[in-house]
Each structure stands twice: as structure tokens, then as C-alpha cells.
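To start, the structure under review is shown below, and the notes come after it.
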Amino acid sequence: MTGPEAIFDRALMRQRRERIAPIFDAHDFLFREIAVRLAERAGDVRQNFPLALDAGCRTGLFTQVAKEMIPEKIGTYILSESTPSFARTAHQRTGAPTVIADDETLPFAPARFDLVASCGVLQGLNDVPGALLQMRQALRPDGLFLGALLGGETLFELRQALLAAEAEIEGGASPRVAPFAELSDAAGLLQRAGFSLPVADLDPIDVSYENAFKLMHELRGMGETNARLDRRRTPTRRATLLRAAEIYSARFADAGGRIHASFDVFFLTGWAPADSQPKPLRPGSAQTRLADALDTTERPLDEKTGAAFPLRQPKPETS
Amino acid sequence: MTSPAATTVDPQLLEILVCPLTKGPLVYDADAQELISKQAGLAYPIRDGIPIMLAEEARELDADSA
């Protein structure tokens with residue numbers, strides 16, 4: 001199988017999540033908040049979802065939150081998760097059928113689900129287009145995909161502080177924070193995966209911590225520390241971390257001295273194509289003239305530029 | 001603390017699972033607690049009612065039993 005060039009060490013990510021699974025509950029604030037916002041969005045949709053897939057469920061946060069917030073909206077849940085300890089916890093807590101599966105190689109028959117929810121998973125995959133495509137294929141026609149992933153400027157403060165500190169103390173910088181997708185990329189990926197009516201929007205979450213060490217501790221507890229394949233393999237010097245915390249506080253602390261961390265959450269919505277969905281009309285099939293609707297006179301297009309008004313010509317250079 | 005529900009696989013789940021590698025059908029072996037993909041030549045284990053659909057966790061089938 002040849003996918004896109006790998007960015008993340010997925011085996012390491014699984015190991016880490018397996019290791020932190022017993023303490024994850026104490027650090028699930030961010031993913032719980034994302035799950036709540038995702039469930040709100042599912043609640044805003046008019047139709048109901050008899051069968052839903054919670055893909056990459058961690059400890060079953062989305063399913064638990066949705067069962068509480070929108071009990072009438074979703075009938076049956078099926079959960080999939082790549083980290084075995086998470087999957088067992090999710091199974092116990094939700095009582096829902098659960099499978100252990102790789103997020104990039106889903107084991108589901110086509111066209112079965114009415115809703116596929118992906119809560120905080122996509123940013124850590126190497127093959128996002130492939131995962132989106134598989135989730136779209138798992139949906140029935142007119143089924144809904146709801147995704148939330150970290151993107152954009154997520155953790156830019158930490159990235160800056162670590163870069164500056166490492167350059168200052170060790171005389172060079174190494175990749176520390178994962179590369180994140182831009183919002184426009186996210187929308188494009190939905191379209192590429194064949195979703196109808198794709199929408200991507202940004203919902204930032206600002207979290208404050210006592211200091212940078214508390215933030216790094218939280219990221220470790222979430223199982224979300226640096227898993228880039230190109231990461232530095234030697235331990236970071238203590239002096240570098242101390243300096244990074246200093247820089248972080250100097251640049252990104254509030255009046256009370258607490259530091260702030262940005263998490264840019266992208267919410268993705270797309271529908272599995274169905275004939276019942278609105279589609280654009282074929283060009284040239286209009287029955288009424290736009291000029292009539294606007295109550296104006298129609299002007300012929302400029303032949304060269306296609307513009308309705310002659311474009312300003314660049315002035316010839318005068319010496 | 002395994003409840004009876006935790007040790008049997010949900011029938012609805014069995015109905016929608018396919019082999020992650022081939023997307024082909026699976027045969028449920030209740031005695032061995034395995035899901036068999038003939039196309040891939042793999043048997044995926046089921047532990048505590050949770051199917052483990054990872055190729056690296058699957059048992060390779062012998063040529064004759066496949």
C-alpha cells in the first residue's frame with residue numbers, strides 16, 4: 001500500500017496512548033469539550049440517525065456526551081478505536097458494540113451508517129484523504145459526516161517558545177509541534193473524498209495553564225506529545241525546557257500570570273451524495289435573465305478579459 | 001467483572017464488519033472467537049466481545065484450512 005508520505009510515527013502514538021490510558025480521564029478536558037461541540041452540531045441537524053459510528057472514539061467521549069445531550073437524535077452507536085485500552089474503556093462505559101481498528105483502515109461494509117463522527121482524530125493521521133474516503137463509503141446515501149480536528153494555529157505559542165529556546169540554548173531547532181492543516185485544506189479534503197455540500201469552519205478554544213510545564217504535562221496525559229517521524233531522538237536538555245517556559249510566560253501570559261494555549265478546532269461537515277440533495281443547475285439552463293431580476297440593463301462582456309466592465313489598462317511607462 | 005454481554009459479540013456489529021485489508025466478507029467462528037477473512041488468509045481475534053481488526057494481531061490461516 002502506498003499512501004502519502006508519512007509524517008507521524010503511528011506505532012509510537014498508539015504506544016503512548018496505551019501507556020497514558022489509565023490517567024487519560026484526568027486530561028480529557030480538550031477532547032471532551034470538542035465532543036460537546038460536535039454533539040451540538042449533530043443536534044442542529046434536522047434528521048435523526050438510526051445508526052452512528054464513533055470513529056476513533058478514545059474512551060467513548062463523543063458517544064457518552066451525545067447520549068446525554070441528544071438522546072433522541074441517535075439510535076445505535078458503534079465505536080471503533082485503535083488503542084486497545086481506550087477501546088475496552090469505551091466499551092465498558094457506553095455498553096455499545098466496539099471494535100479495535102486502525103483509523104486509516106476501517107473494517108466496515110459500505111453504505112451502512114447514517115452518521116459517522118470523527119472527534120479529534122484526523123490531525124494525527126498520515127493518510128487523511130484515505131480515512132475520509134473510507135468514512136464516506138461507510139455512510140448510506142445522504143448520511144452525514146461530522147468531524148472535528150485540531151488545525152491552523154494550534155499550539156503556536158508552544159511551537160514558538162520551544163523553537164526560540166532550543167535555538168538559544170542548543171544552537172539549533174528541531175521539529176517539535178505537529179504540522180497542522182489549514183481550514184481551506186480541510187474543506188478541499190472533504191470535496192476530494194466525494195462529500196456533497198462540504199463545510200469546514202473554525203471554532204477556537206483558548207485554554208490557560210499555570211505555566212508551560214503544566215501545559216506539557218497535560219499534552220502528555222492526553223497522549224498527544226510529539227510523534228513526528230522527523231522528531232529529535234535525543235532527550236531535550238533541562239535548560240532548554242526551562243528557557244522555553246520562560247519565553248512562553250514572557251510572550252503569552254495574561255495579567256494574572258497564567259499562560260494561554262490556542263487550540264484551533266476545525267469542524268467538518270459533509271454528506272454522502274444522494275439524488276435528493278440540492279445540486280447546481282447546468283450552466284446555460286437559466287429560465288430568467290439576471291438583468292431582469294436586478295432590474296438593470298445587460299452589458300456585453302469584454303471579449304478579451306470576460307469582464308463586464310473594461311478593465312483598467314496598465315499605464316505605459318513614461319520616463 | 002465481565003458481564004454476559006461483554007463476552008458475546010453484538011450481532012449488528014458482525015453484520016457490518018468486513019476485512020479491513022480486502023473489505024471482503026468475514027466468517028464468524030463462535031467457538032474459536034475469531035473472524036475469518038478467507039481472501040486475506042487471516043483470522044481476527046475477538047477478546048472480551050471486542051473484535052480486533054488489526055492485521056498485525058490476526059492469525060495467519062494455513063493453506064488447507066483457508
Side-chain angles (χ1 to χ4, degrees), chain A residues 1 10-11 14-15 18 50-57 59-60 75-116 127 130-131 133-140 143, chain B:
Chain A
M1 257 188 293
R10 299 268 307 150
R14 251 203 309 273
Q15 274 171 29
E18 195 61 48
L51 185 63
L53 172 65
D54 182 352
C57 65
T59 53
T76 306
Y77 293 84
I78 285 177
L79 283 65
S80 81
E81 167 56 43
S82 59
T83 305
S85 292
F86 277 167
R88 282 190 292 271
T89 304
H91 186 50
Q92 277 172 12
R93 288 184 184 168
T94 63
T98 305
V99 291
I100 295 171
D102 183 11
D103 301 313
E104 296 184 353
T105 327
L106 294 176
F108 300 108
R112 296 302 177 96
F113 294 99
D114 305 287
L115 172 72
V116 172
D127 184 9
L133 182 71
Q134 291 179 54
M135 290 192 272
R136 202 261 292 155
Q137 286 169 341
L139 285 166
R140 289 179 203 279
Chain B
M1 39 165 256
T2 42
S3 62
T7 50
T8 54
V9 189
D10 188 278
Q12 195 174 7
L13 181 59
L14 286 181
E15 200 191 303
I16 61 163
L17 281 180
V18 295
C19 172
L21 298 185
T22 64
K23 306 282 183 197
L26 296 165
V27 178
Y28 176 43
D29 183 339
D31 294 333
Q33 283 294 294
E34 282 181 340
L35 290 165
I36 293 155
S37 169
K38 290 192 176 168
Q39 283 172 353
L42 292 172
Y44 297 94
I46 302 170
R47 290 190 201 123
D48 301 325
I50 302 177
I52 303 173
M53 307 307 292
L54 303 171
E56 62 267 28
E57 297 279 325
R59 181 174 66 84
E60 275 186 52
L61 298 175
D62 318 326
D64 1 306
S65 68

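We name chains A, B, ... by the order of the sequence lines, and we start the count at 1 in each one. For clarity, every value in this text was computed on a predicted model and none was experimentally measured.
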How many angstroms lie between atom CD of A:Gln134 and atom NZ of B:Lys23, to the nearest 0.5 angstrom? 4.0 Å
Options A:Asp102, A:Leu51, A:Leu106, ranked by heavy-atom pairs under 4.5 Å with chain B, top entry: A:Leu106
Tightest non-hydrogen contact, residues B:Pro51 and A:Thr98, listed as CD-O, 3.3 Å
Do you know the tightest heavy-atom contact between A:Phe108 and B:Leu17? CE2-CD2, 3.9 Å
Of B:Leu14, B:Val9, B:Asp10, which is the lone residue that meets side-chain contact (heavy atoms from CB on, under 4.5 Å) with A:Pro97? B:Asp10
Counting only heavy atoms not in B:Glu60 (residues, nucleotides, ligands), do more than 12 fall under 6.0 Å from its CD? no
Closest heavy-atom pair, B:Met53 versus A:Val99, reported as atoms and distance to 0.1 Å, is CG-CB, 4.5 Å
With a 4.5 angstrom heavy-atom cut-off, could you sort out which part of A:Thr76 is near chain B: side chain, backbone, both or neither? side chain
Honestly, the part of B:Glu15 sitting under 4.5 Å from a heavy atom of chain A is both
With distance as the sole test, does A:Arg88 use its side chain to make a donor-acceptor pair with the main-chain N or O of B:Ile50 at under 3.5 Å? no
Salt bridge or not for A:Arg14 and B:Glu56, using N-O below 4.0 Å? yes
